[in-house]
Number of protein chains: 2
Amino acid sequence: MAVGMTEIDKTDRKILSILQGDGRIANVELAERIGLSPTSVGERLKRLQRDGFVEGYGARLNPHRLGLGLLVFVEVLLDKTTPDVFEKFARAVQTAPEVLECHMVAGGFDYLVKARVANMTAYRRFLGETLLALPGVRETRTYAVMEEVKRDAPLPVG
Amino acid sequence: MAVGMTEIDKTDRKILSILQGDGRIANVELAERIGLSPTSVGERLKRLQRDGFVEGYGARLNPHRLGLGLLVFVEVLLDKTTPDVFEKFARAVQTAPEVLECHMVAGGFDYLVKARVANMTAYRRFLGETLLALPGVRETRTYAVMEEVKRDAPLPVG
DNA sequence: ACTGAAATAGCGTAGCA
DNA sequence: TGCTACGCTATTTCAGT
């Protein structure tokens with residue numbers, strides 16, 4: 001028997017979809033919207049959590065309200081002749097609070113970094129003291145976001 | 001009297017930080033961790049929500065578990081001679097479920113799109129039928145993510 | 001998957017340091 | 001501001017069917 005099931009039905013997807021939009025919805029109300037009893041929905045949800053479909057719950061905070069007005073994407077090219085560049089870069093990125101996402105990509109550069117900072121001054125500091133300070137960083141290209149057209153949309157589950 | 005206050009203290013930040021990590025924590029436990037009474041924490045949280053610091057709550061879903069194994073970033077260049085390209089593109093992007101984020105950027109291109117799809121086949125369909133089908137799209141550059149080094153880190157509130 | 005009972009948590013109010 | 005304390009309501013959890 002498998003440790004974690006992977007098959008989920010329409011009802012499970014509906015649960016995930018609603019929960020993604022409102023993580024604090026009461027189980028009774030969730031059950032009403034689904035059309036099942038609270039107990040059944042609770043059991044399904046517990047299974048979905050156990051099997052890793054739901055990783056957790058979180059408050060969605062407004063970055064601008066928190067003074068994080070500038071969103072930037074940074075393309076990073078590494079000098080592959082330097083030893084352990086990838087490991088070192090990956091580790092440094094984990095500890096930098098400004099970095100919200102970092103991905104290794106296939107294409108014209110090596111890493112794509114998404115970061116949020118207060119303003120351009122803060123960004124220059126972050127770039128100089130964090131990104132460029134790392135050994136093996138050969139080149140960076142910064143793209144400042146002028147307008148967030150679509151921000152953190154829910155995953156298409158249904 | 002102001003409609004929405006903007007000043008938040010250390011305690012507020014602690015509340016936001018904990019809530020960002022666990023959106024379903026009980027108010028009593030949150031109060032314990034903060035070192036205040038549940039009533040006070042409840043009032044603070046209510047204010048933080050009213051003033052727009054907290055936009056909502058949501059379940060964090062595992063995209064890979066849901067069959068969305070491929071994360072891509074697409075740089076999009078628009079043909080500025082076509083009328084209303086920006087408006088049309090922005091509207092189309094809102095309705096596309098594959099698009100998780102879309103930002104207008106300053107620099108070498110116009111929009112940066114973050115999308116999640118099942119695989120390369122699904123991506124080719126999305127690119128051809130959604131992105132390239134839009135009028136005014138002059139060029140796209142696709143960067144497929146090989147490894148998600150850091151994924152959706154919490155905002156640095158504290 | 002449902003029902004029903006017991007345990008918990010949340011919410012509003014009042015009064016006080 | 002924050003705290004305690006109360007009662008009330010809603011919700012979760014755990015039986016058994």
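In what follows, chains are A, B, ... by sequence order, proteins preceding strands, each numbered from 1. The structure presented is a predicted model; accordingly, all values stated were derived computationally and were not measured.
Contacts between chain A and DNA chain D, taken as any atom within less than 4.0 angstrom of a protein heavy atom, begin and end at dT11(D) to dC14(D).
Side-chain contact between Arg125(B) and Val117(B) is absent, with no heavy-atom pair separated by less than 4.5 Å. Residues Phe89(B) and Leu131(B) are in side-chain contact: their nearest non-hydrogen atoms beyond the backbone lie under 4.5 Å apart. Taking 4.5 Å as the limit, every side-chain heavy atom of Asp79(B) sits out of range of all side-chain heavy atoms of Val137(B).
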Could you list, one pair per line, each protein nitrogen or oxygen that sits under 3.5 Å from a nitrogen or oxygen of nucleotides 1-10 of chain C, together with the distance?
from: dA1(C); atom 1: OP1; to: Arg44(A); atom 2: NH2; distance (Å): 3.3
from: dA1(C); atom 1: OP2; to: Arg44(A); atom 2: NE; distance (Å): 2.9
from: dC2(C); atom 1: OP2; to: Ser37(A); atom 2: N; distance (Å): 2.9
from: dC2(C); atom 1: OP2; to: Ser37(A); atom 2: OG; distance (Å): 2.6
from: dC2(C); atom 1: OP2; to: Ser40(A); atom 2: OG; distance (Å): 2.6
from: dG10(C); atom 1: OP1; to: Asn27(B); atom 2: N; distance (Å): 3.0

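With respect to the salt-bridge test (charged N to carboxylate O, under 4.0 angstrom), the residues Arg91(A) and Asp84(A) do not qualify. The residues Asp110(B) and Lys80(B) are annotated as salt-bridged, a charged nitrogen and a carboxylate oxygen being separated by less than 4.0 angstrom.
Residues Phe73(B) and His103(A) bring their aromatic ring centres within 6.0 Å.
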Output a table of donor-acceptor pairs, distance under 3.5 Å, between side-chain atoms of residues 150-158 of chain B and any protein atom two or more places apart or on a different chain; print 'none' if there are none.
from: Lys150(B); atom 1: NZ; to: Val93(A); atom 2: O; distance (Å): 3.0
from: Lys150(B); atom 1: NZ; to: Gln94(A); atom 2: O; distance (Å): 3.1
from: Lys150(B); atom 1: NZ; to: Ala96(A); atom 2: O; distance (Å): 2.9
from: Lys150(B); atom 1: NZ; to: Val99(A); atom 2: O; distance (Å): 3.0
from: Arg151(B); atom 1: NE; to: Glu148(B); atom 2: OE1; distance (Å): 3.3
from: Arg151(B); atom 1: NH2; to: Glu55(A); atom 2: OE2; distance (Å): 3.2

